[in-house]
Amino acid sequence: SASQMLSLLLIMSVIRSACAGIQTPAVNATLPHLVPQESLMRYNGINTTMQSIANFAAPAAAGVVLSFSTLGSALLIDVATAIVGISIFACVAVPKGESKESSSVLADMKSGTFYAVSNKILKTLLITYGFFIFFSVPSGFLAQLFVSRTFGETYWYLTAVELVGFAGMALGGVLMGMWGGFKSRLKTFAFGLLILSIMTIGMGVSPYFILYLVMMFVYSIALTMIQTATTTIIQEQTESTMQGRVFGLMGAMYSGFLPVGMAIFGPLADMLPLQWIMVGSGIALVLVAVYLQVKSKLNW
């Protein structure tokens with residue numbers, strides 16, 4: 001029945017998300033073993049571009065498959081491509097590092113949390129990253145709502161926002177791959193955060209949709225800079241035996257602050273103009289950038 005099918009899809013989605021929560025930290029922790037440290041920022045940028053392209057192309061490809069086939073066939077393609085990817089990576093020689101013995105998963109989580117909290121750089125970075133995700137909710141995750149309320153709910157407007165966001169993130173990854181960021185990873189993070197906060201304020205007060213799209217494009221580039229710099233700092237500042245656990249904490253910060261931000265800013269958007277909320281969150285992001293530089297004062 002339809003209800004049973006929906007239940008199975010939800011279960012599958014939960015399992016896939018849980019597995020992705022393991023895969024993503026593992027991928028980020030593996031890159032330093034394959035890439036010279038001086039090139040980490042560039043390759044993280046390239047990785048971001050590839051992920052952006054995949055995230056954009058996957059729904060379109062799924063739509064094509066579902067137009068002449070069934071959901072079961074689409075899922076089989078997903079399984080087949082995963083097998084191909086694993087087979088290819090099995091041919092890559094990854095240097096073996098030392099591993100720390102642990103008694104349980106909970107012990108691993110506890111040791112990873114203690115390691116991150118006791119490291120001033122990682123502690124400051126993870127806290128800042130969490131606030132960045134939280135205050136990015138109005139401009140990033142409520143963008144469709146903002147556009148429909150401010151400029152009109154048309155397919156062209158809503159589609160343009162998605163396309164421009166994808167293009168900005170893809171170009172941002174290419175730029176980071178070519179440029180490599182500032183010598184100071186912190187400067188790259190703070191610069192990207194400053195640009196993103198300015199674009200957030202600008203999008204909140206923009207009277208023209210085209211101007212909004214231009215700022216959304218720059219916003220997406222800055223977003224890629226922040227994500228790339230965050231990943232690189234963790235890779236460079238964390239022991240190889242602890243990288244998977246710290247990246248897991250980074251994912252937990254994202255998964256934790258995002259729903260909290262949605263739960264707060266979503267209902268708030270029904271009580272206050274979303275423009276005010278975006279401007280306020282942009283100002284808060286400026287303060288987060290200032291906090292990052294004043295609080296840490298570290299040579300990352």
Side-chain angles (χ1 to χ4, degrees), residues 6 9-10 13 16-17 20 48-68 71 74 78 132-175 192 195-227 254-255 257-285:
L6 181 59
L9 287 175
L10 289 174
S13 179
R16 205 176 192 285
S17 297
T48 300
T49 297
M50 296 177 67
Q51 289 179 351
S52 298
I53 294 174
N55 291 336
F56 177 78
V64 172
V65 172
L66 290 175
S67 65
F68 63 84
L71 178 60
D78 191 12
F132 152 67
I133 294 298
F134 177 79
F135 288 114
S136 294
V137 167
S139 56
F141 299 97
L142 297 180
Q144 299 281 5
L145 178 62
F146 176 82
V147 169
S148 63
R149 287 185 177 180
T150 306
F151 304 108
E153 191 174 357
T154 65
Y155 289 124
W156 149 241
Y157 285 166
L158 299 179
T159 302
V161 171
E162 293 294 331
L163 291 175
V164 167
F166 154 73
M169 292 188 67
L171 179 60
V174 172
L175 290 177
I195 296 298
L196 183 139
S197 60
I198 294 174
M199 292 301 104
T200 298
I201 297 173
M203 288 188 295
V205 299
S206 174
Y208 306 109
F209 181 65
I210 296 300
L211 179 60
Y212 173 87
L213 287 181
V214 171
M215 288 188 286
M216 172 61 80
F217 182 74
V218 179
Y219 173 99
S220 301
I221 294 176
L223 178 63
T224 302
M225 291 181 62
I226 295 171
Q227 295 284 14
Y254 179 90
S255 301
F257 277 85
L258 176 57
V260 171
M262 294 293 287
I264 293 176
F265 290 116
L268 195 61
D270 290 331
M271 295 182 286
L272 296 174
L274 195 48
Q275 291 91 333
W276 295 4
I277 298 175
M278 285 183 62
V279 171
S281 64
I283 295 173
L285 286 170

Trainee: Taking the six-membered ring for Trp and the full ring for Phe, Tyr or His, determine whether the centres of Phe265 and Phe134 are under 6.0 Å apart.
Mentor: yes

Trainee: Within the side chain of Ser148, is there an N or O that forms a donor-acceptor pair under 3.5 Å with the backbone of Leu145?
Mentor: yes

Trainee: How many angstroms lie between CD1 in Ile210 and CZ in Phe151, if you round to the nearest 0.5 Å?
Mentor: 9.5 Å

Trainee: Do the side chain of Thr49 and the main chain of Val174 share a donor and acceptor less than 3.5 angstrom apart?
Mentor: yes

Trainee: Within the distance-only criterion (no hydrogens, no angle test), does the side chain of Ser281 pair as donor or acceptor with the backbone N or O of Met278 below 3.5 angstrom?
Mentor: yes

Trainee: For Ile277 versus Leu272, what's the shortest heavy-atom pair and its separation?
Mentor: CD1-O, 4.2 Å

Trainee: Parallel, tilted or perpendicular: which describes the rings of Tyr157 and Phe209, with under 30° parallel and over 60° perpendicular?
Mentor: tilted

Trainee: Would you check, one step at a time, whether the test side chain to side chain donor-acceptor pair (under 3.5 Å) holds for Ser139 with Tyr219?
Mentor: CA-CA 9 Å; Ser139 56; Tyr219 173 99; 2.9 Å; yes

Trainee: Roughly how far apart are Met215 CE and Ser220 OG, rounded to 0.5 Å?
Mentor: 12.5 Å

Trainee: Are the side chains of Leu274 and Thr150 in contact, using a 4.5 Å heavy-atom criterion?
Mentor: no

Trainee: Please tell me whether Phe146 and Tyr212 form a close aromatic pair, meaning their ring centres lie under 6.0 Å apart.
Mentor: yes

Trainee: May I ask you to test the Leu223-Met169 pair for a side-chain heavy-atom distance under 4.5 Å?
Mentor: yes

Trainee: Check whether any side-chain heavy atom of Ile201 lies under 4.5 Å from a side-chain heavy atom of Ile198, and answer yes or no.
Mentor: no

Trainee: Which pair of heavy atoms, one from Ile221 and one from Gly168, lies closest together, and at what distance?
Mentor: CG1-O, 3.3 Å

Trainee: Mind checking the CD1-CZ spacing from Ile226 to Phe132? Nearest 0.5 Å is all I need.
Mentor: 4.0 Å

Trainee: Please report the shortest heavy-atom distance between Leu285 and Thr200, naming the atom on each side.
Mentor: CD1-OG1, 4.1 Å

Trainee: With a 4.5 Å cut-off on side-chain heavy atoms, are Met203 and Met216 touching?
Mentor: yes

Trainee: Is there side-chain contact between Ser136 and Leu196, with at least one heavy-atom pair below 4.5 Å?
Mentor: yes

Trainee: Does the side chain of Leu171 come within less than 4.5 Å of Phe217's, by heavy atoms?
Mentor: yes

Trainee: Closest heavy-atom contact between Ser197 and Gly282?
Mentor: CB-O, 3.4 Å

